[in-house]
Every structure is written in C-alpha cells, then in structure tokens.
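All remarks here apply to the structure that follows.
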Amino acid sequence: MLLKPAFNLSPSLLKTFFNNKTPSFLLNCSSYRSRPLKPINPITQFGFQPRKQSQRLCTAAAAAKSADEGATLVRKGRRQVSSLPQQSQMSGKAEKRARRESPSGILLSHLCRCSKENNTEEALRLYDEAVRNNVPLNVEHYNKLLYLCSSSDTNLALKRGFEIYKQMETGNNVTKVVPNEATFTTMARLAAAKEDPEMAFDLVKRMKEGCGISPRLRSYVPALSGFCKKGMADKAYEVDSYMIENGIAAEEGELAMLLQVSFDTKREDKVYEMLQRLRATVRQVSEDTASLVEDWFKSDCAISVGKVKWDVGKLKEAVVKGGGGWHGQGWLGNGKWKVVRTEMNEKGVCQCCGEKLVSVDIDPLETENFATSLSNLACQRETRADFLQFQEWVQKHGPFDAVVDGANLGHIKKNYFDFNELKYAVNSARKLSPSNKLPLVILHSCRVKGRDNGNSRNKTALQQWKEAGALYVTPHGSNDDWYWLYAAISSKCLVVTNDEMRDHLFALLGTSFFPRWKEKHQVRVTVSREGLKFHMPPPYSIVIQESEKGSWHVPTVIGDDFQTRRQWVCATRTITNS
C-alpha cells in the first residue's frame with residue numbers, strides 16, 4: 001500500500017495529531033475545521049487512505065479500529081476472530097472487578113479466608129457488620145457462614161447458625177435468598193449437632209419434596225448418624241429406605257452405622273441384611289468395619305440366632321443363582337462362633353478353617369452391557385471418529401488373549417519410558433497365551449515416534465507387532481487408558497498393567513461391575529533378579545463370602561501394594577441340619 005502524506009507537516013506534529021492533541025493555531029483554521037484529517041499510520045507517522053472493504057488489515061491502527069467494531073481480522077493469512085466488541089469485553093472485565101470490589105464481594109473474600117482458617121468468631125463479626133450496613137448477601141455468603149457454624153463445637157455458633165438461616169429465609173433487608181443443596185446439607189449438620197436428627201431428616205425431605213432439589217449422600221448422613229447414635233433403629237431404617245427410593249446408595253460408612261445400630265438393638269435380621277449389602281457394594285471392608293463384624297460374631301446374640309433346619313436343595317439353588325459365594329437364606333445353625341483373623345493361600349483355602357473360597361461368576365450379559373457403556377463414555381471423552389475406528393480395528397484383529405498397557409510397562413523399572421523394557425515385558429507376556437500369541441500392545445503415538453524408538457531394533461519390533469495385528473497406536477491427544485481397557489473387556493481377556501485404575505477416568509465408570517472385572521482380569525508385574533514376575537488374578541473372589549456350611553469370610557482392605565498379605569475375618573461354627 002502506498003502511503004500519502006496528509007499535510008506537509010513534520011513527523012512530530014503529525015504524531016501530535018495522532019494523539020488527538022490539536023495545536024491551538026489550527027483550531028482557528030477554516031480548512032482544518034471543514035476537512036477531517038486522514039488516519040495516521042502509527043509506524044510511519046504519515047496519513048493514509050484505508051481501502052474500503054479491505055480483507056487485509058496491515059497496520060496496527062486499522063487492526064485496532066476493526067477490533068473495536070467486532071470485525072474479523074486477517075493478518076498475513078492468519079484469521080483471528082473477535083466474538084465481542086473490545087468495549088464489551090472491557091466492560092465485562094470491569095463488571096467482574098466491580099463485583100469483587102463491592103461490599104458484597106469484599107465480604108465474600110473475607111468469609112472465604114475465615115473458612116480456610118476456621119475462624120468462626122471473625123466470620124460472625126463480619127456478618128453482623130454487613131447486616132448493620134445493609135450489605136446484600138447471596139447464597140454463597142450464607143453457605144460460608146452456616147458451614148463455619150456447623151464446624152464449630154460451641155453453643156453460640158450453633159445458636160447463631162439457626163439465626164442466620166432464619167434471616168436467610170425471611171430476607172436480609174432487601175429480599176430472601178433461595179437455599180441450595182449445600183445450604184440444606186449444612187443445616188442438617190447443625191440439626192444433628194443440636195441432637196435433633198428428626199429436624200435433619202425433615203430438612204432433607206423438604207429439600208427434595210418442597211424445593212425439588214436432589215439430595216446427595218452427604219445430605220442424609222446427619223439424620224442417619226443422629227438416629228443411629230440415639231439407638232433409634234426404626235428411624236434409621238426409614239432414612240435408609242428414603243435414600244434407596246431416591247436412588248442414593250449407602251457406602252461403607254453408612255452401612256457400618258446401620259450394622260452397629262442393628263447389633264446394638266439385637267436386630268439379627270438387619271445385621272444379616274447389612275452384611276449382605278456390604279458384600280454387594282463394598283466387597284472388602286476397612287479395619288473399623290472388620291472389628292465391628294468380629295464383635296457381632298462374638299456377641300451372645302449371634303450365638304442364639306440361626307436356622308436349625310433348612311432345605312439343602314433350595315440352598316444350593318440360591319448359591320448357583322447368585323453366582324456363588326453367598327446364598328442369602330439367613331443365618332444357618334446356632335451355637336458359639338469361632339472368630340479369628342487369618343489369610344488365604346494361593347488357591348484360596350482358609351488357613352484357619354480349611355474351607356476353600358469360590359470365584360464368583362460374572363454374568364456375560366453384564367460384561368456386554370459394560371463394554372457398551374464404556375464405549376459410549378469413551379466416545380464422549382475421546383474424538384468419536386478415532387475411537388470408533390479403534391473398535392472396528394479390534395473387531396477385525398481380535399479377540400486377544402491379553403492386552404498390554406504399553407506406557408505402564410515401559411516405566412516398570414525406571415521413572416522414564418524405556419522401550420527395551422516394554423519389549424521384554426511383551427515377550428514375557430506372550431507366555432500367558434496358550435497358543436503363544438502376541439498380546440495386543442496399546443501405545444500412544446508419542447511413544448512410537450519418540451527418540452528412543454529411532455534405532456533399527458526398536459523399529460523392527462514395532463513393525464513385527466504391527467504386521468501381527470498386535471499393535472495399536474492411539475492418536476495424538478487421546479487417553480490410551482480408554483483403549484486398552486475397552487480392548488480387554490471386549491475380548492474378555494487379561495490386561496497386563498500395574499495401573500491401580502483409581503483416577504478420575506475409572507471413577508466415571510461408576511458401577512460395581514468394574515472392580516469385579518478388574519479382580520478377575522488384571523495381571524500385575526514385579527521385577528526380580530530372575531526377570532519379570534507376573535502375578536495372575538487370584539482363583540477366588542476377594543469379597544465377603546457366605547458358604548453353604550454357614551461360615552463367613554470377610555476380607556479387609558489393603559493398600560496399593562498387592563503383595564501385602566490380606567487379612568480375613570473367619571467366622572465358623574459347627575452346624576448340623578437336623
């Protein structure tokens with residue numbers, strides 16, 4: 001573009017024009033008043049006439065002007081889009097800053113600090129001052145205050161919490177504030193602290209039935225805990241039933257509370273029910289729950305309960321129908337229980353009573369449904385076309401005898417990826433196949449294109465795996481966990497990885513099926529002087545088991561070190577079916 005001077009003026013004077021500082025002598029000039037100046041190029045300090053409907057804005061001044069108008073900017077072939085005018089964007093930032101610096105914003109900031117420091121006294125002082133000064137409060141302010149009051153162990157904080165909630169409902173000088181789930185939950189905790197579980201339960205029901213807010217598990221805990229502490233078993237069961245009706249599943253903590261209140265009130269039928277629910281949902285129990293189970297079997301109540309006569313055929317039928325490991329027909333026999341802590345040998349035989357644990361079957365339909373749900377979830381989280389292509393590839397080249405998590409085994413000895421380690425692991429894993437078939441290796445593209453794979457031996461190994469249909473390279477930006485997990489589940493085969501599968505990805509699966517599948521299919525690897533050692537899935541299920549003989553075996557939780565010997569609670573007694 002040719003730049004044409006607007007006036008025969010010095011650059012410094014033109015710069016003055018550009019900065020909107022008009023010299024006083026020109027204010028009286030008729031030609032200046034009648035004719036507008038052309039835009040000034042900020043780089044050359046010369047005026048120019050911009051092209052109309054130009055698609056290439058080559059100067060900073062023109063670009064800034066177009067940005068103010070919300071235009072599309074094109075510079076040297078690159079397209080930049082401004083969705084909102086700069087003035088609107090600036091006003092949005094200014095609005096956020098104004099909110100932060102407003103009395104309400106400053107109060108919320110101070111309350112957040114009080115929450116971190118657990119300073120209830122200061123938070124209440126700030127609240128009183130805000131009320132006196134007519135500072136508008138929203139639900140965030142109230143929730144911070146109520147949380148601090150519920151966390152305090154003083155009667156004053158408890159009293160103030162209810163006062164603040166009442167003020168929230170009636171309005172703070174301007175209007176009332178609509179509570180949310182966090183508000184009701186915190187108030188339920190305050191009610192429980194007041195030793196009024198009935199109020200806590202009423203708050204949960206009001207949340208659901210009156211306000212249409214879906215309670216979470218934490219919303220029910222104050223009422224359930226309060227009734228259990230008071231020994232009000234029937235009310236605790238009522239809360240539990242209400243949870244089930246609303247699709248909320250109790251976890252170990254809640255089931256342990258129900259187990260304790262059932263034990264304390266000698267409700268042996270409910271004790272039996274809670275043990276079965278622990279078996280179905282928790283599988284392995286914490287040390288506290290294990291101690292509670294031991295106390296039950298050692299109690300006088302446990303000695304006297306149980307059938308002395310039952311239908312053996314019906315019992316066996318129930319075991320088969322349930323997949324093994326339990327029958328659900330109630331306590332068998334009576335008499336004193338022998339309760340000990342013990343371990344299982346490699347074949348699943350109890351070192352105390354000699355009874356062999358079973359491997360609980362997994363319904364094939366469950367596996368199929370889980371593979372479908374996993375596929376749907378992966379397509380949402382990954383690029384859909386990439387994952388669908390992978391599914392077609394698995395269908396063409398599978399099924400496989402084993403799947404290898406390449407990234408995980410490449411780090412088995414070192415904290416960096418070593419391709420030689422992976423090759424050794426793959427060759428060792430090949431022995432897991434009855435037909436000596438290569439396992440499917442899942443590798444991310446960055447591993448395949450990495451600098452360590454540049455030598456000829458590594459390239460040869462990759463090519464051999466590829467030609468054998470035993471290598472799948474996941475695309476850039478993907479999470480290869482989805483790929484190796486789907487391949488293993490759809491092929492109903494083993495997966496070789498030390499990944500404990502506990503991060504957010506696996507939490508998304510949200511089903512009791514996954515831990516059962518993992519227990520039966522995961523092969524872990526350790527390094528020894530002799531090489532790699534593969535730890536096969538146990539031939540029995542690590543889950544609470546109830547035998548046809550009436551004995552119970554309850555496994556405890558261990559950490560991530562899978563080589564740690566697991567402790568089991570073994571409860572047996574002599575049973576005769578008279």
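The figures here come from the full heavy-atom set of this structure, side chains too, leaving out hydrogens, waters and symmetry mates. Treat the numbers as computed from the prediction; the structure is a model and nothing was measured.
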is_close_aromatic(Trp482, Phe387), centroid dist under 6.0 Å:
no
Suppose we call two aromatic rings close when their centres sit under 6.0 Å apart. Are Trp552 and Trp331 close by that rule?
yes
Check: [Y] main-chain N/O paired with [X] side-chain donor or acceptor under 3.5 Å:
X: Gln545; Y: Gly324; value: no
X: Arg279; Y: Gln284; value: no
X: Ser150; Y: Tyr147; value: yes
X: Ser491; Y: Cys493; value: no
X: Arg283; Y: Val543; value: no
X: Ser541; Y: Val360; value: yes
X: Asn334; Y: Gly306; value: no
X: Trp337; Y: Ala302; value: yes
X: Ser375; Y: Ala371; value: no
X: Gln329; Y: Ala318; value: no

For residues [X] and [Y], is any side-chain donor paired with an opposing acceptor at under 3.5 Å?
X: Gln567; Y: Glu287; answer: no
X: Asn143; Y: Asn180; answer: yes
X: Gln463; Y: Glu467; answer: yes
X: Gln260; Y: Asp264; answer: yes
X: Ser262; Y: Tyr272; answer: no
X: His327; Y: Glu548; answer: no

Closest non-hydrogen atom pair between [X] and [Y], with its separation:
X: Tyr416; Y: His411; answer: C-CD2, 3.3 Å
X: Ala256; Y: Leu292; answer: O-CD2, 3.5 Å
X: Lys266; Y: Glu268; answer: O-OE1, 3.0 Å
X: Pro222; Y: Thr185; answer: CG-O, 4.5 Å
X: Arg267; Y: Ala233; answer: NH1-CB, 4.4 Å
X: His553; Y: Cys350; answer: NE2-SG, 3.5 Å

Do [X] and [Y] have side chains that approach each other closer than 4.5 Å (heavy atoms only, starting at C-beta)?
X: Asn458; Y: Asn420; answer: yes
X: Leu258; Y: Glu273; answer: no
X: Pro537; Y: Val523; answer: yes
X: Ile412; Y: Leu532; answer: yes
X: Trp296; Y: Cys301; answer: yes
X: Leu315; Y: Leu332; answer: yes
X: Ile213; Y: Lys208; answer: no

Run through [options] and flag the one making a side chain to side chain contact (heavy atoms under 4.5 Å, CB included) with [X].
X: Val441; options: Val403, Leu462, Val426, Asp405; value: Val426
X: Tyr483; options: Leu443, Leu440, Asp386; value: Asp386
X: Val285; options: Ile544, Val557, Val293; value: Ile544

What do you reckon, is [atom1] of [X] surrounded by more than 12 foreign heavy atoms closer than 6.0 Å?
X: Lys423; atom1: NZ; result: yes
X: Glu346; atom1: CD; result: no
X: Lys520; atom1: NZ; result: yes
X: Arg457; atom1: CZ; result: no
X: Lys518; atom1: NZ; result: yes
X: Glu317; atom1: CD; result: no
X: Arg566; atom1: CZ; result: yes
X: Phe390; atom1: CZ; result: yes

Can you tell me how far [atom2] of [Y] sits from [atom1] of [X], rounded to the nearest 0.5 angstrom?
X: Met501; Y: Asp481; atom1: CE; atom2: CG; result: 8.5 Å
X: Leu203; Y: Phe184; atom1: CG; atom2: CZ; result: 7.0 Å
X: Glu254; Y: Leu217; atom1: CD; atom2: CG; result: 4.5 Å
X: Thr281; Y: Glu251; atom1: OG1; atom2: CD; result: 8.5 Å
X: Trp484; Y: Ile489; atom1: CH2; atom2: CD1; result: 9.0 Å
X: Met344; Y: Cys352; atom1: CE; atom2: SG; result: 9.0 Å

Could you walk me through whether Leu374 and Phe513 pass the side chain to side chain contact (heavy atoms under 4.5 Å, CB included) test, one step at a time?
CA-CA 12 Å; Leu374 174 64; Phe513 174 85; over 6 Å; no
Quick one: do [X] and [Y] make a salt bridge, cutoff under 4.0 Å?
X: Arg516; Y: Glu519; value: no
X: Glu181; Y: Arg216; value: yes
X: Lys492; Y: Glu368; value: no
X: Lys235; Y: Glu238; value: yes
X: Arg277; Y: Asp240; value: yes
X: Lys396; Y: Glu392; value: no

Does the ring of Phe201 carry Lys205 above it, NZ/CZ under 6.0 angstrom from centre and within 45° of its axis?
yes
List the steps, then state whether side chain to side chain contact (heavy atoms under 4.5 Å, CB included) holds for Leu259 with Leu278.
CA-CA 10 Å; Leu259 178 62; Leu278 283 167; 4.3 Å; yes
Taking it one step at a time, do Trp517 and Phe370 satisfy ring-ring contact (aromatic ring centres under 6.0 Å, His included)?
CA-CA 10 Å; Trp517 178 89; Phe370 185 74; 7.5 Å; no
